[in-house]
Amino acid sequence: RSCCPISETIISQSSKTLSLRCSCCCRGNFKAFCRYPFQLHLLLASGADCNQTASSMADLVNFVVDLATNRKWNVLLCCFLMVVEVVLNVAVIWKIPYTEIDWEAYMQEVEGVVNGSYNYSTLEGGTGPLVYPAGFVYLFLGFYYATSYGANVRLAQYIFAGLYLLNLALVFRLYNAAKKVPPYALVAMCLLAYRVHSIFVLRLFNDPLAMILLFVAVNFFLSGRWTIGCAIFSLAVSVKMNVILFAPGLGILLLQSLGPVRTFVNIALCGVIQLVLGAPFLLEDPMAYIGRSFNLGRQFFFKWTVNWRFLPEETFLDRRFHAVLLAMHLVFLLSFAAFRWTRSHGGIPALFRTVVPAKKLDADHIVTVLFTSNLIGMVCARSLHYQFYVWYYHTLPFLLWSTSLPSLLRIALLVGIEIAWNMYPSTNWSSALLHVCHAILLLGLWLHKPSVTTEKTKKP
């Protein structure tokens, strides 16, 4: 017969042998010997037609498994996912209604600057006073003029769709450079990005813009261009202060890569950029600008919290609770810095004794330190609002595959975090689920044996 339907498949994992028994007239039996990683070599026992059908099936299975697990396909898969995301973002814009939350307020805030006011105490929108640094003002001034003074929301959505694709391309480049995450994890990251698509193209928040600049900076860090990277990092901070959560990890990396003197120079550069960007507002009213745009003690509304819904509102607003979270943040950072990030360099004190480091940091170490530093800040945050999800969403697959957790548990944590962020309004159990997932991930990072963090510097 030309077709041999297979009625029974017997898999023996102990012998790594796949036996296929056909039900057609030839009654042929096959054996497939499995060789790592997932390659099937079929041996014909009897029946030429049966062998051809089984061989084709095995080739298809081999290709699908290889495509999902072999990182050599990452670049090709990333290109395919970018095309899919183009179609998906356009579909989201056309099919799902836009929801006004902060866009009009952003436009009102920057319109105050257009009208000649540089005093932060007078700049405000429909949701309250302007609380973002100067980089935000300049960036959204561009959007203000590009979208007919903020009136053309549909054009703004398309601009943000383009920014989403740029953000994804930058993330893909980081993942390909670090060579850690398998292709199927990248697919999962795109498939589960329901809330992230909403934040970009249906809400038009400023958080994604800060993260795009952050990922640009990290890409420069991977190329060894630390000064340019630090300059762009400072630009990201000037859009929104959440980027400062990456700063502790960046400080460690600068010391490891450049030594204390050049680290100080790069940190000073970041400060100078902030002064230059904020100069028009600092000259007008320095206290108003600093107090509004760099207010680390700003109080959040309990009704918007994603991570602390199970607490009484009185506890959520209690300054003593905030102090405990800050202490936890510092303990976690110091612990990772001393016993994970710098162990191969002799600990934190040794970093200040090294004038000219003799080795170059590898991509995996750079990305791991930066993303873990940010995760610690998210875990200990006083409150997380829905748009804050983009602060770490695209770092989660990398962090999960930086642990020794089973792959199924990694995917389960990714799904659990997505469920928690998509529960609106948040509930006691969704907040608890988020903390459980965070705790497992952070513990997994702590218990994972650090990889080699340096490579020999090439001689000129």
Side-chain angles (χ1 to χ4, degrees), residues 174 177-178 214 217-238 241-275 294 296 323 325-380 395 399 402 442 445-460:
L174 295 178
L214 181 278
V218 178
N219 274 279
F220 275 107
F221 296 151
L222 297 189
S223 301
R225 305 178 71 175
W226 293 94
T227 300
I228 296 177
C230 285
I232 298 174
F233 180 88
S234 186
L235 293 177
V237 173
S238 75
M241 276 287 290
N242 70 282
V243 178
I244 208 74
L245 295 177
F246 292 87
L250 177 58
I252 293 294
L253 294 173
L254 288 173
L255 288 169
Q256 291 175 333
S257 182
L258 305 178
V261 175
R262 293 177 63 191
T263 294
F264 175 79
V265 171
N266 279 275
I267 293 175
L269 172 64
C270 292
V272 169
I273 290 173
Q274 294 299 321
L275 290 175
F294 295 98
L296 297 178
L325 292 175
L326 178 60
M328 289 175 55
H329 191 177
L330 294 175
V331 169
F332 286 154
L333 283 175
L334 289 173
S335 299
F336 271 89
F339 302 107
R340 291 297 179 267
W341 302 338
T342 65
R343 186 162 61 180
S344 62
H345 292 78
I348 296 176
L351 299 180
F352 294 92
R353 295 194 296 265
T354 304
V355 179
V356 182
K359 295 184 177 182
K360 178 183 176 182
L361 302 179
D362 67 18
D364 179 39
H365 178 65
I366 292 172
V367 179
T368 300
V369 171
L370 288 172
F371 287 4
T372 305
S373 176
N374 181 59
L375 174 67
I376 291 172
M378 296 288 287
V379 170
C380 301
T395 73
L399 291 171
S402 297
L442 197 61
L445 290 167
W446 176 261
L447 296 177
H448 181 68
K449 182 179 179 181
S451 59
V452 178
T453 61
T454 58
E455 55 187 25
K456 293 183 179 179
T457 303
K458 295 181 180 179
K459 295 183 179 180

Novice: What is the distance from atom CG of D364 to atom CG of L222, rounded to the nearest 0.5 Å?
Specialist: 10.0 Å
Novice: Just verifying a value: how many Å separate L254 CG and F264 CZ, rounded to the nearest 0.5 Å?
Specialist: 13.0 Å
Novice: Could I get the full list of side chain to side chain donor-acceptor pair (under 3.5 Å) partners for S402, not counting sequence neighbours?
Specialist: K180
Novice: What are the two closest non-hydrogen atoms of S373 and L333, and how far apart are they?
Specialist: OG-CD2, 4.1 Å
Novice: How long is the span from the CG atom in N219 to the CG atom in L214, to the nearest 0.5 Å?
Specialist: 10.0 Å
Novice: Please find the pair of heavy atoms, one from F352 and one from P260, that lie closest to each other, and give the distance.
Specialist: O-CG, 3.8 Å
Novice: Would a 4.5 Å heavy-atom cut-off, applied to side chains only, mark S257 and I366 as touching?
Specialist: no
Novice: Taking the side chain as everything from C-beta on, heavy atoms only, tell me whether L442 gets closer than 4.5 Å to F336.
Specialist: yes
Novice: L399 and F371: which non-hydrogen atoms are nearest, and at how many Å?
Specialist: CD2-CB, 3.6 Å
Novice: Is the shortest heavy-atom distance from the side chain of T372 to the side chain of W341 under 4.5 Å?
Specialist: yes
Novice: Check whether any side-chain N or O of N266 sits under 3.5 Å from a backbone N or O of R262 as a donor-acceptor pair, and report yes or no.
Specialist: yes
Novice: If you compare all heavy atoms of L351 against all heavy atoms of I252, which two are closest, and at what distance to 0.1 Å?
Specialist: CD1-CD1, 4.2 Å
Novice: Rounded to the nearest 0.5 Å, what separation is found between the CZ atom of F246 and the CG atom of L370?
Specialist: 7.0 Å
Novice: With side chains defined as the heavy atoms from C-beta onward, is the minimum distance between F221 and L361 less than 4.5 Å?
Specialist: no
Novice: How many angstroms lie between atom CG of L255 and atom CG of L250, to the nearest 0.5 angstrom?
Specialist: 9.5 Å
Novice: Answer yes or no: is there a side-chain heavy-atom contact under 4.5 Å between L375 and T395?
Specialist: no
Novice: Rounded to the nearest 0.5 Å, what's the gap from CD1 on I273 to SG on C230? Could you check?
Specialist: 8.5 Å
Novice: Please report the shortest heavy-atom distance between A177 and A363, naming the atom on each side.
Specialist: O-CB, 3.7 Å
Novice: Looking at every non-hydrogen atom in both residues, tell me the closest pair between Q256 and H365 and how far apart they are.
Specialist: OE1-NE2, 2.9 Å
Novice: Please assess Q274 against S234 for the test side chain to side chain donor-acceptor pair (under 3.5 Å), listing each intermediate value before the final yes or no.
Specialist: CA-CA 7 Å; Q274 294 299 321; S234 186; 2.9 Å; yes
